[in-house]
Amino acid sequence: LKKKIVKTDIVILASSLSFFLYNVYNAFETNLVALGLVYIINSFVFFSILLMKWKNLSRDAKLVLFVVIGALIGFAIPSIFDQKLMGLFWSIEALLLVILGFHFSIPTVRKEGYILLAIAFGKLSLSSLSIVEHWEDTIWHQGFLNYIALGTVFASIWFIGRKHLKDLIGFENTLYSYTQEIVPLWLASVYLIVGYHLV
């Protein structure tokens, strides 16, 4: 553990964590409970380090360890309980990477977060399609939950972009502009869906 974290450390850690999550997933793809347990065990390892070294760690090191622990737990939960919520937890990890990238002013980590966010958006969008299948039955199902998560992630990106408006580069400005338009449309669609079923 380093007492002082530099930008290179964040890039290496973010890349290593992403490769680790991907490789473990490939190794245990057919046994999702085992996959979730491997993630949980690794999160406990990082949590133990955090507790034992708490007094000696800088604020930045604690933040980084919390992100790692959160990512591992985030991947463990849907692996053990429900694959249909995987997009939600991928989104959480992606948002954590984006926030970490802004905190340390590292565009590379933010880009990695946006790539993961694109995958999460795809997963959330596909899972949301079950709204159409269950349209006449009920809205209280996983498709609607994924749709709510999708909009919440868009709103989070909008909030993060607004907070770091001066630090946005290239495509981030475009993404921020699009989220400004998407969030009100999403809110209107949620109102219409709920209104159709309840009113």
Side-chain angles (χ1 to χ4, degrees), residues 1-2 5-29 31-54 57-127 145-146 148-150 152-157 159-161 163-164 172 175:
L1 284 172
K2 295 186 177 182
I5 295 175
V6 295
K7 293 182 179 182
T8 311
D9 298 327
I10 299 296
V11 173
I12 291 169
L13 181 62
S15 303
S16 299
L17 181 61
S18 298
F19 279 117
F20 173 75
L21 292 168
Y22 177 75
N23 286 329
V24 172
Y25 178 79
N26 281 339
F28 292 95
E29 190 174 1
N31 188 348
L32 294 177
V33 174
L35 172 66
L37 290 174
V38 170
Y39 287 146
I40 287 287
I41 289 166
N42 278 279
S43 71
F44 277 127
V45 171
F46 280 97
F47 188 67
S48 300
I49 293 168
L50 181 63
L51 287 179
M52 288 188 295
K53 303 287 185 180
W54 182 266
L57 292 173
S58 66
R59 180 177 167 271
D60 291 340
K62 289 174 185 174
L63 176 65
V64 169
L65 284 171
F66 274 123
V67 169
V68 172
I69 293 164
L72 289 166
I73 293 173
F75 274 78
I77 292 170
S79 300
I80 294 172
F81 297 106
D82 199 340
Q83 279 289 305
K84 290 182 179 177
L85 296 176
M86 185 67 90
L88 171 62
F89 294 99
W90 282 348
S91 300
I92 292 169
E93 192 208 350
L95 289 171
L96 288 172
L97 283 173
V98 172
I99 291 167
L100 200 60
F102 275 117
H103 181 76
F104 287 100
S105 301
I106 311 172
T108 310
V109 173
R110 297 204 307 259
K111 287 175 185 175
E112 187 177 339
Y114 292 127
I115 291 168
L116 187 57
L117 203 57
I119 296 167
F121 279 152
K123 180 71 174 171
L124 287 170
S125 300
L126 287 173
S127 299
L145 179 63
N146 277 283
I148 294 294
L150 182 66
T152 304
V153 172
F154 272 118
S156 300
I157 288 292
F159 177 77
I160 292 167
K163 186 177 179 182
H164 300 280
E172 288 178 325
L175 180 63

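We count residues from 1, following the sequence as given.
- Closest approach of Leu97 and Ala14 over heavy atoms only: CD2-CB, 4.0 Å.
- With rounding to the nearest 0.5 Å, the separation of CG in Leu100 from CD in Glu112 is 10.0 Å.
- At a threshold of 4.5 Å between non-hydrogen side-chain atoms, the residues Leu117 and Ile157 count as touching.
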Side chain to side chain contact (heavy atoms under 4.5 Å, CB included) between Leu116 and Ser18, intermediate numbers included: CA-CA 9 Å; Leu116 187 57; Ser18 298; 5.9 Å; no
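- Summarising the local packing, CZ of Phe46 is surrounded by 12 or fewer heavy atoms from other residues, nucleotides or ligands at distances under 6.0 Å.
- Minimum interatomic distance between Ala76 and Gly36 (heavy atoms only, all atoms of both residues): CB-O, 3.5 Å.
- Taking NZ of Lys7 as the start and CD1 of Ile12 as the end, the distance is 14.5 Å to the nearest 0.5 Å.
- To the nearest 0.5 Å, atom CD1 of residue Ile92 and atom CD1 of residue Ile73 are 11.0 Å apart.
- To the nearest 0.5 Å, atom CG of residue Leu145 and atom CG of residue Leu150 are 11.5 Å apart.
- Checking Ile10, Val109, Asp60 one by one against His103, the side chain to side chain contact (heavy atoms under 4.5 Å, CB included) holds for a single residue, Asp60.
- Across all their heavy atoms, Ser105 and Pro107 have their closest contact at O-CD, 3.5 Å.
- Between Phe75 and Tyr25, the gap from one ring centroid to the other reaches at least 6.0 Å.
- Screening Val6, Asp9, Val11 for a side chain to side chain contact (heavy atoms under 4.5 Å, CB included) involving Ile106 leaves a single residue, Val11.
- Counting heavy atoms of neighbouring residues, nucleotides and ligands inside a 6.0 Å radius, atom NZ of Lys53 does not exceed 12 of them.
- Here the side chain of Tyr39 pairs a donor or acceptor atom with the backbone of Leu21 at under 3.5 angstrom.
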Criterion side chain to side chain contact (heavy atoms under 4.5 Å, CB included) on Leu50 and Phe66, from CA distance to verdict: CA-CA 8 Å; Leu50 181 63; Phe66 274 123; 3.6 Å; yes
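- A side-chain donor-acceptor contact under 3.5 Å links Ser43 to the backbone of Ile40.
- Here the closest heavy-atom approach between residue Gly113 and residue Ala94 is recorded as O-CB, 3.3 Å.
- For the atom pair CZ of Arg110 and OH of Tyr114, the computed distance is 6.0 Å after rounding to the nearest 0.5 Å.
- Minimum interatomic distance between Glu172 and Phe102 (heavy atoms only, all atoms of both residues): OE2-CZ, 3.8 Å.
- With Leu35 as the fixed residue, the side chain to side chain contact (heavy atoms under 4.5 Å, CB included) test singles out one of Asn31, Leu32, Leu37: Leu32.
- Looking at Leu72 and Phe44, their side chains never come closer than 4.5 Å, going by heavy atoms from C-beta outward.
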CA sep, side-chain torsions, deciding dist, call: Ile160, His164, side chain to side chain contact (heavy atoms under 4.5 Å, CB included): CA-CA 6 Å; Ile160 292 167; His164 300 280; 3.9 Å; yes
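- In this pair, Phe154 and Phe121 present their aromatic rings parallel. The plane angle is below 30°, not in the 30 to 60° band.
- Pairing each heavy atom of Ala149 with each of Leu88, the nearest pair is CB-CD1, 3.7 Å.
- Put simply, CZ on Phe47 and CD1 on Ile69 are 6.5 Å apart, with the number rounded to the nearest 0.5 Å.
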